[in-house]
Structures are given as structure tokens and as C-alpha cells.
Amino acid sequence: MTKAIKNLRDHLAEIHDLARAASVLGWDQQTYMPRGGAESRADQLSTLARLTHSKFTSSKTRRLLDQAAAETAPLPADHDDRRLVEIVRMDLDRETKLPGSFVARWSRDASLSTEAWREARQADSFRSYRPHLKKMVGYALKAAEYYGYEDHPYDALLFDYEAGMKTAEVKAAFDVLRPAQVELVRKLAERPEPRTDFLRRHYPAGAQGEFGMKIAKAFGYDTNRGRLDVAPHPFATKFGRNDVRITTRYDENFLPSSLFAIMHETGHALYEQNVSPGLDRTPLSRGCSSIFHESQSRLWENVVGRSRHFWERHFGDLRDTFPEQLSDVSVDDFYRGVNQVKPSLIRVEADEVTYNLHIMLRFEIELGLIEGKVEVKDLPELWRTKMEEYLGVTPSDDKDGVMQDIHWSGGSIGYFPTYALGNVMGAQIYETVMSRRPETRGELARGEYTGLLGWLKENLYTHGRKFMPRDLAMKLNGKPLDPKPYLRYLTSKFGEIYGI
Ligand code: ZN
């Protein structure tokens with residue numbers, strides 16, 4: 001490593017350490033912090049955010065970057081140091097496009113808006129939330145102008161979550177998925193529902209956690225470099241590649257809640273624990289993008305964890321853990337039960353078949369707002385219309401309708417599509433693994449996960465954020481994001497479960 005590259009890496013490492021320290025504080029805030037700590041914690045987080053931002057956008061970063069660029073230019077195109085310089089330059093250009101005063105106003109109004117959303121949601125009063133949401137849409141539009149875009153202002157917003165992806169690509173994928181998924185939901189609704197009564201028996205939290213962690217470890221989650229805690233909204237977080245934490249929440253009267261949350265967050269954690277050590281303490285030491293990250297949480301949670309193979313292998317263990325609760329339940333009952341498809345109002349509780357429809361509705365609304373074709377005041381009505389059209393259910397209030405998610409209140413517009421496309425990418429990657437490494441199927445049936453994890457490590461996890469999402473998709477699957485594998489997966493899995 002030359003001097004210029006070392007200087008750049010040292011500088012980035014300090015910025016990285018500040019950001020990871022903020023992650024520790026954020027994790028603590030969601031898990032153990034007493035309520036009284038909220039105010040000082042907000043101060044601490046905002047100080048760290050300010051320091052991180054000013055250190056990163058300083059002239060020093062640009063100078064070190066220019067010096068390192070001269071030395072990395074002759075390196076191979078995919079060399080870690082060359083990519084580091086290129087990606088950091090991309091981040092820096094983007095971060096310096098928004099004026100500091102604009103960022104400060106936006107972030108202050110975003111916290112007020114989130115507070116207003118919390119209260120409005122509790123009171124089921126869209127009217128009191130409306131002016132805040134309108135402001136957030138205004139900020140997003142203004143940000144898109146500052147960032148600049150070629151085709152669509154929404155492209156500029158998507159960039160934060162999926163760098164380089166175009167609105168037109170999202171639309172194209174959704175246009176393939178929407179009719180097929182609406183049709184599948186309709187067909188499944190005509191079939192008898194699977195039995196699910198046993199999922200709502202009493203399952204003590206302690207035993208749920210133990211079983212969940214047994215699975216997480218079987219998948220390959222390294223608990224010497226991670227741990228599980230309880231949080232109201234499950235998440236995974238990283239303090240460094242050797243400390244990647246997961247959280248879950250327990251519902252003692254609904255088994256799937258924590259069980260699948262642990263598998264989901266384990267998927268995120270496996271990705272982060274296996275990024276190449278050579279990228280450590282740089283902005284490249286994390287997953288490539290929101291779509292890639294969600295592809296892994298969904299792959300481990302759903303494609304693996306909700307498969308028939310999986311439960312044929314692990315149901316015995318689960319029944320040993322909960323002998324009374326599951327005494328009258330067969331593997332087949334259980335497998336069908338945890339794969340029940342039922343249109344519902346709430347996105348985060350949706351099953352695999354209906355989930356993407358919740359997302360498409362949000363994407364269409366976001367697009368309408370950004371294009372100026374939809375007004376904030378019309379959202380509750382528009383929400384109900386689309387829910388009826390896609391899912392055949394309509395919320396009776398706005399609390400479980402247009403106000404159910406936190407995202408818009410904080411100004412996150414452009415995030416939602418990556419959830420649905422994460423499902424799509426997960427199925428696509430799974431097809432790739434099966435064709436390149438056919439023995440994986442047999443291994444999964446035997447409850448062996450090291451082969452699958454090893455392949456994903458070598459071909460995806462290790463690269464961290466070194467490649468642009470589109471390039472990584474090409475490297476991995478030999479083609480760009482494609483909705484067809486996901487539709488094949490849904491049709492064959494749920495066709496078999498529901499006998500169609
Ligand atoms: Zn996730």
C-alpha cells in the first residue's frame with residue numbers, strides 16, 4: 001500500500017469509527033436505554049452526525065482522494081483501492097450537492113414531522129399530519145433538484161438506496177409482477193385456508209429466543225462476533241465486521257413473529273459478517289445496496305426458512321422445544337400454517353405473495369407525489385382505492401392505512417421499492433446458486449447450510465459495497481434484475497401448498 005492510499009484509508013477509518021460509534025448509541029437507544037435518556041442521546045447522535053459529515057466533506061478528503069487517485073489509476077479496474085477511491089468520490093460528490101443549511105432545515109423538520117406522525121397516527125388524524133407530509137414531499141423535490149437527474153426526479157431519490165437504478169426499471173419490474181401477483185392472490189383466495197390455530201398458542205419468549213438462535217447459528221451466524229437482543233422494531237446493525245448485532249421482538253401468543261424476524265435479521269447479519277476484511281473501516285465495508293441487503297434477509301427468512309425442506313428437517317426440534325403447544329400438529333400443518341396467504345392491511349405482517357402489492361401501492365403514490373399528479377390531501381382516499389384493487393381489503397381508518405409506515409414522515413421517499421425488489425433479487429440469486437451449485441438442494445434438505453453460505457460469501461458478501469448494484473447483479477447472475485424467477489418461485493411454492 002502506498003503512502004497516499006494509506007493516508008486516505010486512515011482518514012476514512014476515523015470517519016468510519018465516528019459513524020460506528022453512532023451505531024452503538026443507536027442500538028442502545030432501541031434496546032436498553034431508559035426513556036429518560038432520549039434527550040441527551042439525541043444530542044450525542046446529532047453531534048456525531050455533524051462531526052462525521054464535516055470530516056467527510058472537508059477539503060482534506062478531496063485532497064487525499066486526488067492524491068490516492070493518481071496512484072490507483074494504473075491498478076486493475078476491480079482492485080479494492082481503486083474502487084475505494086471511485087466509490088468515495090461518488091459519495092463525496094453527492095454529499096456536497098446539498099447545501100448545509102438545506103440539510104439542517106430538512107433534518108430538523110423531519111424529526112418534527114416524525115413526532116407529528118406518531119401523534120397523528122395514535123389519534124388517527126391524517127389532517128394534523130398532512131402539512132408535515134407536504135413539507136417532506138417539498139424537501140424531497142428540492143433535494144432531487146440539487147442532486148440532479150437525467151430522466152426522472154425520482155431517480156435522484158432512489159439513488160440513496162439503490163445507486164444507479166432508474167425509475168423506469170422499477171416500473172418495468174412492477175408491471176410484470178403486479179398482474180401476476182394480483183391474479184395469484186385471487187386464485188389462492190378461492191382455495192381452503194390452511195390451519196393456523198396452533199401458531200397462536202402460548203410460546204414463552206425465552207424458549208422462542210433459544211430456538212431462533214439455534215437456527216441463526218445453523219445458518220452460519222457467528223455469535224462470537226454478534227448477539228441477539230430485544231427491540232420494538234427488529235433490525236440488524238454493525239459496529240465492525242466482528243460485531244454485527246441482531247434484534248427481535250417476542251409475541252408470546254404468535255410464534256412466527258420472532259421466529260422469522262430472527263431469520264430475517266440473521267440474513268442481514270450474515271452479509272455484514274462476511275464482507276472482506278480488506279475493506280474494513282472503509283465506506284465499502286457494508287452490503288452493496290438496499291435491494292441486495294433485502295435479497296439476503298428474504299432469502300434466509302423465506303426461501304430457506306419457510307421452505308418445506310427446512311421444516312422437514314427442523315420441525316422435530318421445534319416440537320421438542322414446545323411439546324404441548326405442537327402435540328397435535330404435523331410437519332405439513334406447520335409448513336402450510338407459516339405460509340398462509342391472506343390479504344391484510346399491514347405491510348410488515350404481509351405474507352410472501354401479498355407483500356409486493358403493498359409496496360407497489362406505495363411506489364405509485366410516491367411517484368404521483370413527485371410528478372405532481374397526486375396531492376397529499378387525496379392520499380387516504382387513493383390508499384383505500386388501491387388497497388381494494390390490489391388486495392381486496394380496505395382499511396376503515398388511516399392509522400392502519402396511509403399512516404402505517406414511518407418512512408415518509410422522516411422524508412424517506414424512494415426506499416419502498418427496494419423491499420419488493422429485494423424479494424425479486426433474492427429469488428434470482430437463489431436460482432443462480434441452484435444452477436451453478438446443484439448439490440445445494442440436497443444439502444439444504446439435510447439441514448446443511450455451509451455450502452449455500454460459502455457460495456454467497458464468495459460471490460456476494462465478500463465484495464461489500466465495492467461494485468455498483470447493476471454491475472454486481474451482472475457479475476452474480478449474468479443479467480440485470482429480473483422478476484421472472486420470483487414469479488416462478490411464488491407460483492410453484494404456493495401452487496403446491498394450495499393445490500392449484
Ligand atoms: Zn430487512
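For ligands, and for the atoms within them, numbers begin at 1 and follow the listed sequence.
- Taking the Zn ion (ligand 1) as reference, the nearest N/O/S atom within Glu294 carries the name OE1.
- Within 6.0 Å of NZ on Lys386 lie more than 12 heavy atoms contributed by other residues, nucleotides or ligands.
- Aromatic rings from Phe174 and Phe363 are positioned such that their centres are separated by under 6.0 Å.
- For the pair Arg306 and Phe260, the cation-pi criterion (under 6.0 Å, within 45° of the ring axis) is fulfilled.
- With respect to the Zn ion (ligand 1), His268 has NE2 as its nearest N, O or S atom.
- At a threshold of 2.8 Å, the Zn ion (ligand 1) has no backbone or side-chain N, O or S atom of His293 nearer than that distance.
- Using the six-membered ring where Trp is involved, Tyr415 and Tyr161 have ring planes that are parallel, under 30° apart on the 30 and 60° scheme.
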